[in-house]
Amino acid sequence: MHSSWDESSTALGIYDSIIRAICAPAVFLFLMNSGATLIGYRRKYTTKTFLNKRINRVVFPLILWSIIYYIVDSFVKKPLPDVTFKIDNPSIGNFFVSFLSGNINGAFWFFYCVIALYLITPIISVLVKNHKNILFYIVILDFFFSFIVIYFNNNLFHLELSPYLIPMSGTCYIGFFVMGYLIKVGYFTKKGLNVIKILGIISFIAAILIPAFKFKISLPVIQNLIEYGGPLNFLYTIGLYVFIKQLVEDDTLFQNVKMQKCLAVLASLSLGIYILHPFFLKIFMKMTGTEFSSWLDILVMPIFVYITCGLTVYILKRIPFVNKILP
């Protein structure tokens, strides 16, 4: 997804748009899986332990890598791929301003999002035992206001809505977070899960068709249905999550101990790859002389970055202390 930024009307641009749409659920699947594993934390440890674990795994790495990227941003002539920002007049004060505004590494928006979700997890976790309907109510509110009201206003009506009318604004995709937990604990019936999968399939088809014809579709309200904040993006993501969950549970391949260990290792590399990938995108572009402008970028660069960056993270995580800053 981070290799696909050609916005032209050429075949490459259309292919890029389709790939971005298909891969759009990636971060939200992570949020759903985080909710599935973390919202019920009270059964395993105290809130103090929960917060300490999150601080060590997310907050400290965010601060340290923000410092590193801030220094890099200050020396490079052009921002690293995906980083977006370049610092012209570095200072301690400017660092704090840039850090608080998220203007050091564009890809780090994800960290701010999950930190916000972790902060409210102790509140919503008290609902897991006897109030799952309230949790689903949170999902409905988030979908209605974030993916319906705000979406259609931003793409069609363009009204100046009062923020007091949007009770779920600024909740960092809490609907995905909570939905992951509800699906995990069997809140939905088999029929309900089938409905979710059908909606996901329909949204997946739209994820292919809308980008394919986006240069013939002039209405933003249709063009952006599958983008971040689009209602079809939400339905596609939760449908895909149910499909993957059922596949893993039912297919004997995933019951194999060696396969489970292999997947666990790959999963342990994901956050480190996310942190370091701009450097490897830059290396690939230097080697090929491309810059999100070639079929090499879309077809070869993701494989190159995943393998080389993944191996680097795997090695670094075996070094004491380094494994603390590459969670």
Mind listing the closest non-hydrogen atom pair of [X] and [Y] along with its distance?
{"X": "Asp73", "Y": "Val83", "result": "OD1-CG1, 3.5 Å"}
{"X": "Tyr236", "Y": "Pro25", "result": "CE2-CG, 3.3 Å"}
{"X": "Phe177", "Y": "Leu31", "result": "CD1-O, 3.4 Å"}
{"X": "Tyr181", "Y": "Gly40", "result": "CE1-N, 4.0 Å"}
{"X": "Ile325", "Y": "Pro61", "result": "O-CB, 3.8 Å"}
{"X": "Asp297", "Y": "Pro302", "result": "O-CD, 3.2 Å"}

If I take atom [atom1] from residue [X] and atom [atom2] from residue [Y], how far apart are they, to the nearest 0.5 angstrom?
{"X": "Lys53", "Y": "Lys48", "atom1": "NZ", "atom2": "NZ", "value": "13.5 Å"}
{"X": "Ile150", "Y": "Phe145", "atom1": "CD1", "atom2": "CZ", "value": "9.0 Å"}
{"X": "Arg42", "Y": "Ser125", "atom1": "CZ", "atom2": "OG", "value": "3.5 Å"}
{"X": "Ile196", "Y": "Leu240", "atom1": "CD1", "atom2": "CG", "value": "12.5 Å"}

Hydrophobic cluster membership, [X] vs [Y], 4.5 Å side-chain cutoff:
{"X": "Phe95", "Y": "Val97", "value": "no"}
{"X": "Phe176", "Y": "Ile123", "value": "no"}
{"X": "Val257", "Y": "Val248", "value": "no"}
{"X": "Ile315", "Y": "Leu271", "value": "no"}

Tell me whether [X] contacts the main-chain N or O of [Y] through its side chain, where contact means a donor paired with an acceptor under 3.5 Å.
{"X": "Asn256", "Y": "Met259", "value": "yes"}
{"X": "Asn153", "Y": "Val149", "value": "no"}
{"X": "Asn155", "Y": "Val221", "value": "no"}
{"X": "Ser294", "Y": "Thr290", "value": "no"}
{"X": "Tyr41", "Y": "Thr49", "value": "no"}
{"X": "Tyr151", "Y": "Ser146", "value": "no"}
{"X": "Asn33", "Y": "Leu29", "value": "no"}
{"X": "Tyr15", "Y": "Ile298", "value": "no"}
{"X": "Trp65", "Y": "Asn105", "value": "no"}
{"X": "Lys184", "Y": "Gly180", "value": "no"}

Fit a plane to each ring of [X] and [Y], take the angle between them on a 0 to 90° scale, and name the class: parallel (under 30°), tilted (30 to 60°) or perpendicular (over 60°).
{"X": "Phe304", "Y": "Phe284", "value": "tilted"}
{"X": "Tyr187", "Y": "Phe136", "value": "tilted"}
{"X": "Phe50", "Y": "Tyr45", "value": "parallel"}

Are [X] and [Y] an aromatic pair by the rule of ring centers under 6.0 Å?
{"X": "Tyr70", "Y": "Phe85", "result": "no"}
{"X": "Phe96", "Y": "Phe99", "result": "no"}
{"X": "Phe279", "Y": "Tyr69", "result": "yes"}
{"X": "Phe28", "Y": "Tyr173", "result": "yes"}

Kindly indicate whether the side chain of [X], heavy atoms from C-beta on, has any atom under 4.5 Å from the side chain of [Y].
{"X": "Thr237", "Y": "Met32", "answer": "yes"}
{"X": "Asn94", "Y": "Asn89", "answer": "no"}
{"X": "Arg57", "Y": "Arg54", "answer": "yes"}
{"X": "Pro79", "Y": "Thr84", "answer": "no"}
{"X": "Met301", "Y": "Leu281", "answer": "yes"}
{"X": "Leu276", "Y": "Leu316", "answer": "yes"}
{"X": "Met179", "Y": "Asp142", "answer": "no"}
{"X": "Ile104", "Y": "Phe108", "answer": "no"}

Does NZ or CZ of Arg318 lie under 6.0 Å from the centre of the six-membered ring of Tyr314, at an angle within 45° of the ring axis?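 Yes, Arg318 sits over the ring of Tyr314.
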
Using a cut-off of 6.0 Å, state whether more than 12 heavy atoms not belonging to [X] lie near its atom [atom1].
{"X": "Lys191", "atom1": "NZ", "result": "no"}
{"X": "Lys86", "atom1": "NZ", "result": "yes"}
{"X": "Phe243", "atom1": "CZ", "result": "no"}
{"X": "Leu159", "atom1": "CG", "result": "yes"}

Donor-acceptor list for residues 197-213 side chains, cut-off 3.5 Å, not counting sequence neighbours:
from: Lys197; atom 1: NZ; to: Gln246; atom 2: OE1; distance (Å): 2.8
from: Ser203; atom 1: OG; to: Leu199; atom 2: O; distance (Å): 2.9

Applying the side chain to side chain contact (heavy atoms under 4.5 Å, CB included) test to Glu291, which of Lys282, Lys78, Lys286 qualifies?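 With Glu291 as partner, Lys282, Lys78, Lys286 yield a single side chain to side chain contact (heavy atoms under 4.5 Å, CB included), made by Lys78.
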
Qualifying salt bridge (Lys or Arg N to Asp or Glu O under 4.0 Å) pairs with a residue from residues 244-257, counting only residues at least two apart or across chains: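 Checked against salt bridge (Lys or Arg N to Asp or Glu O under 4.0 Å) - neighbours excluded - the pairs reaching residues 244-257 are Lys245-Glu249.
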
Please give the remaining members of the hydrophobic cluster of Ile307, linking ILVMFWY side chains under 4.5 Å, ordered by chain and number.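 Reading the cluster by chain and number, Ile307 sits alongside Ile303, Leu311.
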
